[in-house]
Amino acid sequence: MSKPSLARGTRDFGPEQMAKRTFILETIRRTFQLYGFQPLETPAIENLSVLMGKYGEEGDQLLFKILNSGDYSNKLTEQDWQLESKELTSKISEKGLRYDLTVPFARYVVMNRGTLPLPFKRYQIQPVWRADRPQKGRYREFYQCDADVVGTDSLLCEAEIVLMLHESLRNLRIPNFRVKLNNRKILSGISEVIGAPGLEGQFAVAIDKLDKIGKEKVIQELLNRGFTEENVAKLEPIFTLSNQAEPFVALKQWLNPSETGMQGIGELEEIWALVDGFELENPQLEFDVTLARGLSYYTGAIFEVKAHDHDDHPVNMGSISGGGRYDNLTGTFGVDGLSGVGISLGVDRIYDVMEELGLFPADQIQTTRVMLSNFDKKAANYGLKVLKQIREAGFNAEMYPDSVKLKKQLDFADRKQIPFVILIGSQEMESGNLTLKNMKTGEQISVSIVEALEKIKF
RNA sequence: GAGAUUGUAGCUCAGCUGGUUAGAGCGCCUGAUUGUGGUUCAGGAGGUCGCGGGUUCGAACCCCGUCUUUCUCCCCA
């Protein structure tokens, strides 16, 4: 017999953790619904043909692949065994676990395009799996909460996402955070303006690290990624941009030659105006020209949210939310012209942040309100009727299942933090009253059922 | 995928240069109390030292492999 163990990067959630997770999940779900999003669930397992090639070369490697059922090696030839693992994989695995919620959503939209009311707003709260190396804030199985709108180019969606992020996080009682906003078109514009069109992907990956590794190392990385000294020299304005009060003004001057870039700025300005129009209280919204995000499918707005601590410093936990607009996600499934925009909140990171900052409200554990003792068979039988009435009154209640020593029963109630115990023995059966014990104070009173129900309310 | 790091009782950890029968605190069980939890007291159970191999007269300790923990890079929620 071997000792049981968890698969790498996975966790169990006990009652206490579940109470906290449920709080997060339900808070986000309510907020999503408030903004008109409708629920969707898709299978954990997708065909690899749906998942492969959507997340780049690295993403394909991070997909959990499922071995074909049955005798998967039966049809393999000697030659097949000599293949590279990548090609061999395609012969022995046809399914995989979902890597995110956006691609399955795109698949769903394509498969149901005739019947969906467009624009379609859906939210989806489900676990996803990545064969990543676990580390701080990173797991191999984790929950995402996605909200996407597909079928409209309206920037109102972007503005509403900004609002919804604020509302979700404030409902979660995370007071300090930063919603960072950028636009992929601005990044394209910059790579045009510095004379390196087409290298925007490379540019994005490098510039994204500015706040992390600093200007010098970013420049070094750009040079390594194929940019010339000349390109980099033209990039100088970007490093001063974030310090300016009105970054858009300077940016417009700089990117004036690039039509795409100017379009990106225009979109951001409109989003800002819309957010203003909603009169969002104390917006924690910030333009960040270095925000890029690796996911290749973003084409317009890019979002990222970081949690901050009580002193408004960023918490070292990666981003708790990310998203953006993708003009042609469904294109890979053969349907062009459907634009979408969405965000994803990471429940597990939100959990870790809240734990680290001590933000969970007390009293989250759902436990039994009243426990009935089990003195002997006769008393237990008598107590069942009481138990029924307590439950009908809406209180969580249970009876100790075995007729063991009272000491053991009370000890159990104590450990489960059950606030009230009702004792029923021969005395109670004779008198018709119940003995109600307050486990916190130790106080015991003899009362009728009706009185007991009044007492356990508080 | 690359680099570093961790693993000893249910939990947190100690364990000397490789040397008898591997320890502590907390928790757990039993009793002091056959109708009373939290406190106290007395007693008790619990370990293939992550797993596999090697070196050695002798391994928790040294070597190799493997799994796992935490962290960094990469990438990401």
Side-chain angles (χ1 to χ4, degrees), chain A residues 1-11 24 28 55-63 85-86 98-102 125-146 165 204-206 208-209 212-213 217 221 225 292-296 298 303-307 315-324 342-353 371 373-376 379 400 403-429 435-444 446:
Chain A
M1 262 232 295
S2 60
K3 282 183 187 169
S5 62
L6 283 169
R8 184 175 208 185
T10 65
R11 299 141 302 152
I24 296 174
I28 293 172
Y55 311 105
E57 188 103 352
E58 298 231 6
D60 285 354
Q61 280 195 320
L62 295 179
L63 283 170
S85 63
K86 206 172 154 186
R98 79 167 94 77
Y99 178 91
D100 71 359
L101 302 178
T102 310
I125 300 178
Q126 290 188 274
V128 303
W129 294 269
R130 295 182 188 177
D132 219 347
R133 283 227 182 158
Q135 50 181 282
K136 189 179 172 81
R138 181 176 303 195
Y139 307 98
R140 292 185 133 181
E141 176 184 62
F142 60 97
Y143 267 74
Q144 289 194 325
C145 305
D146 274 34
L165 284 169
V205 173
D208 194 39
K209 297 177 190 166
K212 212 168 177 180
I213 62 176
K217 284 187 176 169
E221 182 153 348
R225 285 177 183 269
R293 303 185 56 77
L295 282 178
S296 43
Y298 292 130
F303 300 102
E304 186 165 285
V305 183
K306 288 212 163 147
V315 178
N316 176 26
M317 186 64 75
S319 55
I320 56 173
S321 176
I343 43 144
S344 177
L345 285 129
V347 176
D348 302 83
R349 283 189 183 173
I350 290 173
Y351 183 102
D352 289 346
V353 164
M371 187 191 83
S373 73
N374 188 330
F375 188 59
D376 56 27
Y400 195 87
S403 302
V404 296
K405 284 182 188 168
L406 242 200
K407 176 184 168 69
K408 204 169 181 186
Q409 303 189 27
L410 287 170
D411 192 54
F412 171 82
D414 191 43
R415 272 211 269 175
K416 234 177 130 173
Q417 298 182 58
I418 297 172
F420 294 100
V421 172
I422 286 176
L423 299 163
I424 296 173
S426 52
Q427 294 163 24
E428 286 78 11
M429 285 190 282
T435 298
L436 177 69
K437 183 181 179 73
N438 181 326
M439 291 296 282
K440 206 166 183 180
T441 62
E443 181 195 9
Q444 260 175 232
S446 179

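If you're wondering where the values come from, they're calculated on a predicted model, not measured in any experiment. All chains are named by letter (A, B, ...) in the order of the sequence lines, taking the proteins before the strands, and each is independently numbered beginning at 1.
- Looking at the side chain of A/R225, the nearest of the listed nucleotides B/A77, B/U72, B/C75 is B/C75.
- For the C1' atoms, the distance from B/A2 to B/C62 is 27 Å, rounded to whole Å.
- Stem regions annotated for RNA chain B: B:1-4 with B:70-73, B:10-13 with B:23-26, B:28-32 with B:40-44, B:50-54 with B:62-66, counting only runs of 3 or more consecutive pairs of Watson-Crick or G-U type with both contacts under 3.5 Å.
- Listed candidates were B/A77, B/C75, B/U72. Nearest to the side chain of A/K209 is B/C75.
- Residue A/Q409 places no side-chain atom within donor-acceptor reach of the base of B/G35, judged by atom type and a 3.5 Å distance cut-off alone.
- No contact: A/G318 has no heavy atom under 4.0 Å from any strand.
- Atom CZ of A/F412 and atom C1' of B/G27 are 18 Å apart (whole Å).
- Residue A/L423 is in base contact, counting any heavy-atom pair closer than 4.0 Å across all strands shown.
- Taking only distance into account, the side chain of A/K437 meets the base of B/U36 through a donor-acceptor pair shorter than 3.5 Å.
- Contacts of A/D411 with the nucleic acid, taken as non-hydrogen atoms under 4.0 Å apart, involve only primed sugar atoms and P, OP1 or OP2.
- Across B/U20 and B/G10, the matching P atoms stand 24 Å from one another, rounded to whole Å.
- Heavy atoms of other residues, nucleotides or ligands lying less than 6.0 angstrom from NZ of A/K217 number 12 at most.
- The separation of B/C29 from B/G65, taken at their C1' atoms, amounts to 41 Å, rounded to a whole angstrom.
- The side-chain heavy atoms of A/E428 and A/F375, taken from C-beta on, include no pair separated by under 4.5 Å.
- A/D208 places a side-chain N or O within donor-acceptor distance of the main-chain N or O of A/A292, the cut-off being under 3.5 Å.
- A donor-acceptor pair is defined here as one N or O able to donate and one able to accept, closer than 3.5 Å; no such pair exists between the side chain of A/R130 and the backbone of A/Y139.
- Distance check on atom C1': B/G47 versus B/U21 gives 13 Å, rounded to whole Å.
- In this structure, A/R8 places its CZ atom 18 Å from P of B/G50, rounding to the nearest Å.
- A distance of about 14 Å separates the C1' atoms of B/C26 and B/A14, rounded to the whole Å.
- The base of B/C76 sits with one of its N or O atoms less than 3.5 Å from a complementary donor or acceptor on the side chain of A/R349.
- No contact: A/S5 has no heavy atom under 4.0 Å from any strand.
- Checked by distance alone, A/R138 brings a side-chain donor or acceptor within 3.5 Å of a matching partner on the base of B/C75.
- Comparing the same atom, P, in B/U6 and in B/C63 gives a spacing of 12 Å after rounding to whole Å.
- For A/Q444 and B/U36, a side-chain-to-base donor-acceptor distance below 3.5 Å is present, hydrogens and geometry of angles not being considered.
- When the P atom is used for both B/A22 and B/G46, the distance is 13 Å, rounded to whole Å.
- The distance from atom CZ of A/R133 to atom P of B/U68 is 10 Å, rounded to the nearest whole Å.
- Using a 4.5 Å heavy-atom threshold, the side chains of A/S321 and A/L165 count as touching.
- Considering A/V128, A/I125, A/T102 in turn, A/T102 is the only one that fulfils the side chain to side chain contact (heavy atoms under 4.5 Å, CB included) rule with A/D146.
- When the C1' atom is used for both B/A77 and B/U66, the distance is 30 Å, rounded to whole Å.
- Nucleic acid contact class of A/E428 (heavy atoms, under 4.0 Å, all strands): base.
- Nearest nucleotide to the A/R130 side chain, out of B/C76, B/G35, B/G38: B/C76.
- Within 4.0 Å (heavy atoms only), A/G137 reaches at least one base atom of the nucleic acid.
- The side chain of A/L410 approaches B/G37 more closely than any other nucleotide in the set B/A77, B/G37, B/U30.
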